[in-house]
Amino acid sequence: MNTISERLEALRREMRAESIDIIIFPSTDPHNSEYPAPHWHCREWISGFNGSAGTAVVSLTEAALWTDSRYFIQAAQQLSGTGFSLMREGLPDTPSITEWTAMKLSAHGGTCVAIDGMAASYSYVTAMQQALRRLGGITVRTNYDAMRMLWRDRPTIPNGTIRVQPMEYAGESVESKINRIRETLRQKRCQGLVTTDLMEIAWTMNLRGCDVPYTPVFMAFIYIGTDEACLFVCNESLTPEAARQMRDANVTVMPYNSFGTFLHKHREERVLCDSHTTCHSLYSIIAANAIDTQSPIQHMKAVKNDAEISGMRQAMLRDGVAMVRFLRWLKPAVEAGGQTELSVSRKLEALRAAHPMFEELSFSTIAGYNQHGAIVHYSATEASDAPLQAEGLLLLDSGAQYADGTTDITRTIALGPLTGKMRRAYTLVLKANIALATLQFPDGTTGTQIDAIARSVIWREGMNYLHDTGHGVGAHLAVHEGPHSIRMNWMPAPLHAGMTVTDEPGLYIEGEFGIRTENTMLIIPSCETSFGRFIRMEPLTLCPIDTAPIVMEMMTDEEIEWLNTYHRRVQKELTPMLTDEQDRMWLAEVCKSIRKTQVCLVRK
């Protein structure tokens with residue numbers, strides 16, 4: 001079954017044998033991971049679409065895939081000729097999954113919908129059940145995993161080595177974290193907490209692993225009660241040091257696949273558990289008495305301690321060094337010829353990997369040249385790999401996992417002459433970035449409240465971008481970390497000092513170019529007045545921002561001063577770490593202060 005058509009045909013045979021009329025394949029796993037391990041790439045296997053977000057739905061006669069605006073272009077390309085129709089989420093004419101499902105069942109007389117309850121959250125499944133129930137006579141089956149029969153070379157559930165995250169990077173002991181969690185349980189009058197979130201588990205236990213791409217986590221569940229703490233994991237995966245750390249913290253280690261049985265023994269307890277992140281099959285066991293609320297660990301790990309902040313600063317410094325070496329190399333290499341999106345991605349990864357603290361990338365590098373830059377989460381393949389020329393724009397979004405921190409940076413680079421349209425769009429995005437970077441706002445403000453500060457610059461031109469303006473970044477954990485974010489739709493999580501968040505507005509002109517400028521920021525105290533405590537953002541990312549495309553007359557004096565101040569800091573902090581005199585000279589040149597009279601690259 002090498003083609004999507006063959007896989008669909010085989011799936012439909014299984015559906016008929018099981019009396020299933022429609023089957024739904026989400027993008028998630030039992031841990032609601034952003035990057036599920038290959039074992040759970042079921043949606044990709046059945047549809048061919050490999051974006052990080054999307055849901056495939058297959059009936060006995062049709063198939064469709066829902067994804068958001070980040071992937072409209074990519075999905076249209078990957079689904080072409082597969083038998084899947086693209087459903088563009090968020091557009092007025094796009095039916096929801098339940099609406100589409102109901103229409104197809106009504107037309108063909110079916111009544112049974114299936115979804116793997118281990119790969120979809122409890123809230124997602126129950127909302128679907130309620131919506132379909134209102135339409136009459138439709139049942140949702142959650143105990144069926146079609147891939148067990150069809151995907152014959154399916155990767156196994158990973159169980160890689162689990163190691164200790166040293167105290168010099170973690171900054172707080174396991175015992176201290178568990179005690180803080182138990183204080184929350186006492187306040188909420190709960191007997192226990194259940195979490196399946198791999199980032200929460202790794203952070204709480206001061207452990208790291210290698211089971212999930214781009215994120216140093218491992219397959220596990222945890223239960224923390226008032227007088228016991230249990231880690232459910234493959235015991236053989238723990239290093240001796242990790243096993244000792246669990247014993248010292250009075251954490252009992254139990255088999256990964258025994259978690260469901262364990263929950264049955266605690267189903268009469270008041271257990272704190274989040275139905276939005278816990279899979280349906282597990283949450284259902286404790287649902288009768290569960291206290292459905294966000295895990296307190298989310299906020300605890302979002303506010304970084306001094307050791308975590310120090311580690312992230314060090315990670316950003318060495319990442320900045322790699323970026324400087326890369327940017328100095330880039331334009332001469334493109335001018336010499338032979339460079340492509342993939343080749344420059346490999347070059348940047350090699351420069352990062354040269355440092356002994358480097359572990360892996362924090363996500364798949366996005367290197368989009370000209371029109372490919374308009375695909376927000378573009379991923380170059382051997383088939384799409386575009387050759388770079390000494391003109392136009394390269395959008396480069398990349399990051400790394402170092403032993404002490406996680407990085408995320410986007411730079412849009414002029415490879416040569418640009419059109420006026422490119423320069424104007426570039427300048428708008430830079431102005432939007434600076435607007436957020438210079439904002440002072442009350443402690444506890446939400447990301448939704450400040451999102452418009454960045455967008456207003458772009459909105460004034462009758463333009464917009466459809467992705468978030470910013471997201472949290474983990475301390476040697478996930479590059480996308482909640483609960484906070486900066487986004488248009490309502491996000492109630494408050495912002496506080498100690499949180500990290502990206503500042504990454506963009507503009508995307510389909511078929512032409514894309515622009516994004518991103519720094520990872522640390523929220524810090526600003527001032528305290530009679531109106532309360534105020535906070536602001538300080539750049540953690542240290543890397544030059546290309547000044548060649550800027551339309552200087554569009555910039556205010558304050559914006560120019562912010563950029564010049566940022567570049568002075570970049571040069572001051574990175575120069576001592578650069579061992580090559582040519583790198584230091586190049587950095588000094590690109591960090592020179594800019595003025596309104598600067599000449600820019602223009603193509604008529």
Side-chain angles (χ1 to χ4, degrees), residues 1-67 71 74-75 77-87 97 101 112-121 124-125 128 140-160 196 198 210-215 217-219 234 256-257 259-260 279-282 364 379 381:
M1 293 185 289
N2 294 321
T3 69
I4 301 303
S5 297
E6 290 172 336
R7 293 174 184 179
L8 283 173
E9 182 180 351
L11 172 62
R12 287 173 175 140
R13 286 196 298 268
E14 291 294 323
M15 291 168 64
R16 292 187 185 96
E18 293 285 334
S19 298
I20 293 171
D21 301 291
I22 286 181
I23 189 165
I24 299 172
F25 296 94
S27 299
T28 48
D29 63 6
H31 307 277
N32 201 41
S33 303
E34 178 181 10
Y35 298 110
H39 176 81
W40 286 288
H41 288 184
C42 303
R43 182 262 295 156
E44 178 181 343
W45 187 86
I46 196 62
S47 70
F49 170 65
N50 64 1
S52 66
T55 302
V57 184
V58 179
S59 77
L60 295 173
T61 57
E62 298 178 64
L65 183 133
W66 279 255
T67 193
Y71 295 107
Q74 176 184 338
Q77 295 171 348
Q78 293 184 332
L79 297 178
S80 178
T82 64
F84 274 87
S85 300
L86 173 59
M87 297 293 174
I97 292 173
T101 298
C112 183
V113 177
I115 186 169
D116 182 2
M118 286 297 291
S121 73
Y124 181 89
V125 174
M128 178 185 300
V140 178
R141 180 177 171 183
T142 60
N143 63 349
Y144 179 65
D145 178 5
M147 295 297 107
R148 289 183 180 176
M149 296 293 295
L150 297 177
W151 194 355
R152 294 175 184 172
D153 57 348
R154 183 179 184 179
T156 58
I157 296 175
N159 59 348
T196 64
L198 300 183
C210 56
D211 287 350
V212 174
Y214 311 120
T215 311
V217 294
F218 49 93
M219 295 296 111
C234 177
Y256 175 82
N257 58 10
F259 188 57
C279 70
H280 183 272
S281 296
L282 294 175
S364 179
S379 181
T381 65

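Residues take their numbers from the sequence shown, with the count starting at 1. Because the structure is predicted, anything quoted here is derived from the model rather than measured. Scope of the values below: all heavy atoms of this structure, side chains included, with no hydrogens, waters or symmetry mates.
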* Centroid-to-centroid, F49 to Y71, below 6.0 Å? -> yes
Closest non-hydrogen atoms of P213 and A37, given as atom of the first, atom of the second and distance, are CD-CA, 4.2 Å
So OG of S27 and OH of Y35: to nearest 0.5 Å the spacing works out to 12.5 Å
query: Take atom CZ in R148; do more than 12 heavy atoms of anything else shown fall under 6.0 Å from it?
result: no
**Report entry** Main-chain N/O of G117 paired to T142 side chain as donor or acceptor, under 3.5 Å
**Finding:** no
Is there a donor-acceptor contact under 3.5 Å linking the side chains of N32 and T28?
no
Are the side chains of F218 and P158 in touch, meaning some heavy atoms are under 4.5 Å apart?
-> no
Nearest heavy-atom approach of T82 to S47 is CG2-O, 4.0 Å
Salt bridge (charged side-chain N to carboxylate O under 4.0 Å, His left out) pairs touching residues 31-42, sequence neighbours excluded, are none
**Request:** Say whether, by atom type as modelled, one donor and one acceptor occur between the side chain of H41 and the main chain of P36 under 3.5 angstrom.
**Result:** yes
To the nearest 0.5 Å, atom CZ of R152 lies from atom CG of L150 at 8.0 Å
Any donor-acceptor N/O pair, H31 side chain to L198 backbone, under 3.5 Å:
no
Sequence neighbours excluded, the answer for ring pair (Phe, Tyr, Trp, His ring centres under 6.0 Å) partners of F259 is F221, F232
For Q78 and N50, indicate whether the former's side chain and the latter's backbone hold a donor-acceptor pair under 3.5 Å. yes
Run the numbers on L65 and V57 for side chain to side chain contact (heavy atoms under 4.5 Å, CB included), then give the verdict.
CA-CA 6 Å; L65 183 133; V57 184; over 6 Å; no
- [ ] Determine whether N143 and R141 make a side-chain contact, defined as any pair of heavy atoms from C-beta on separated by less than 4.5 Å.
- [x] yes
Tightest non-hydrogen contact, residues P38 and W151, listed as O-CH2, 3.4 Å
Discussion item. Whether the side chain of T67 engages the backbone of A53 through a donor-acceptor N/O pair (distance < 3.5 Å, no angle test) should be reported.
Written reply: yes
Verify side chain to side chain contact (heavy atoms under 4.5 Å, CB included) between L282 and M118, making sure each step is shown before the conclusion.
-> CA-CA 7 Å; L282 294 175; M118 286 297 291; 4.2 Å; yes
| query | Do the non-hydrogen side-chain atoms of V140 and I115 ever get within less than 4.5 Å of each other? | reply | yes
Note: Y256 and C234 closest approach over all heavy atoms is CB-N, 4.1 Å
Review point. Is there a donor-acceptor pair under 3.5 Å between the side chain of E6 and the backbone N or O of T3?
Key: yes
Is there a side-chain contact between M128 and I24, using heavy atoms and a 4.5 Å cut-off? yes
G81 and S5 have their tightest heavy-atom pair at O-OG, 4.5 Å
Minimal heavy-atom distance between L86 and A75, with the atoms involved, is CD1-CB, 3.7 Å
Next item on the list: Evaluate the criterion side chain to side chain contact (heavy atoms under 4.5 Å, CB included) for residue pair S19 and C112; output intermediate values, then yes/no.
Entry: CA-CA 7 Å; S19 298; C112 183; 5.9 Å; no
Using side-chain heavy atoms (C-beta onward) and a distance below 4.5 Å, is V212 in contact with M219?
yes
> Is there a side-chain contact between M15 and D21 (heavy atoms, below 4.5 Å)?
Replying inline: no
Value for CG (L8) from CG (L60), rounded to nearest 0.5 Å, stands at 11.5 Å
> Are the side chain of R12 and the backbone N or O of S59 linked by a donor-acceptor pair below 3.5 Å?
Replying inline: yes
Residues passing the salt bridge (charged side-chain N to carboxylate O under 4.0 Å, His left out) test with R154, sequence neighbours excluded, are D145
Fill in: Min side-chain heavy-atom separation I97-M87 under 4.5 Å
no
Rounding to 0.5 Å, atoms CH2 (W66) and OG (S85) come to a distance of 8.5 Å
Indicate yes or no for a side-chain donor-acceptor contact from R7 to the backbone of W45 under 3.5 Å, with no hydrogens or angles considered. yes
Min side-chain heavy-atom separation F84-I4 under 4.5 Å | yes
Keeping D211 on the side-chain end and G160 on the backbone end, is there a donor-acceptor pair under 3.5 Å?
yes
- Query: So I22 and V58, side chain to side chain contact (heavy atoms under 4.5 Å, CB included) or not? Walk me through it.
  - Reply: CA-CA 6 Å; I22 286 181; V58 179; over 6 Å; no
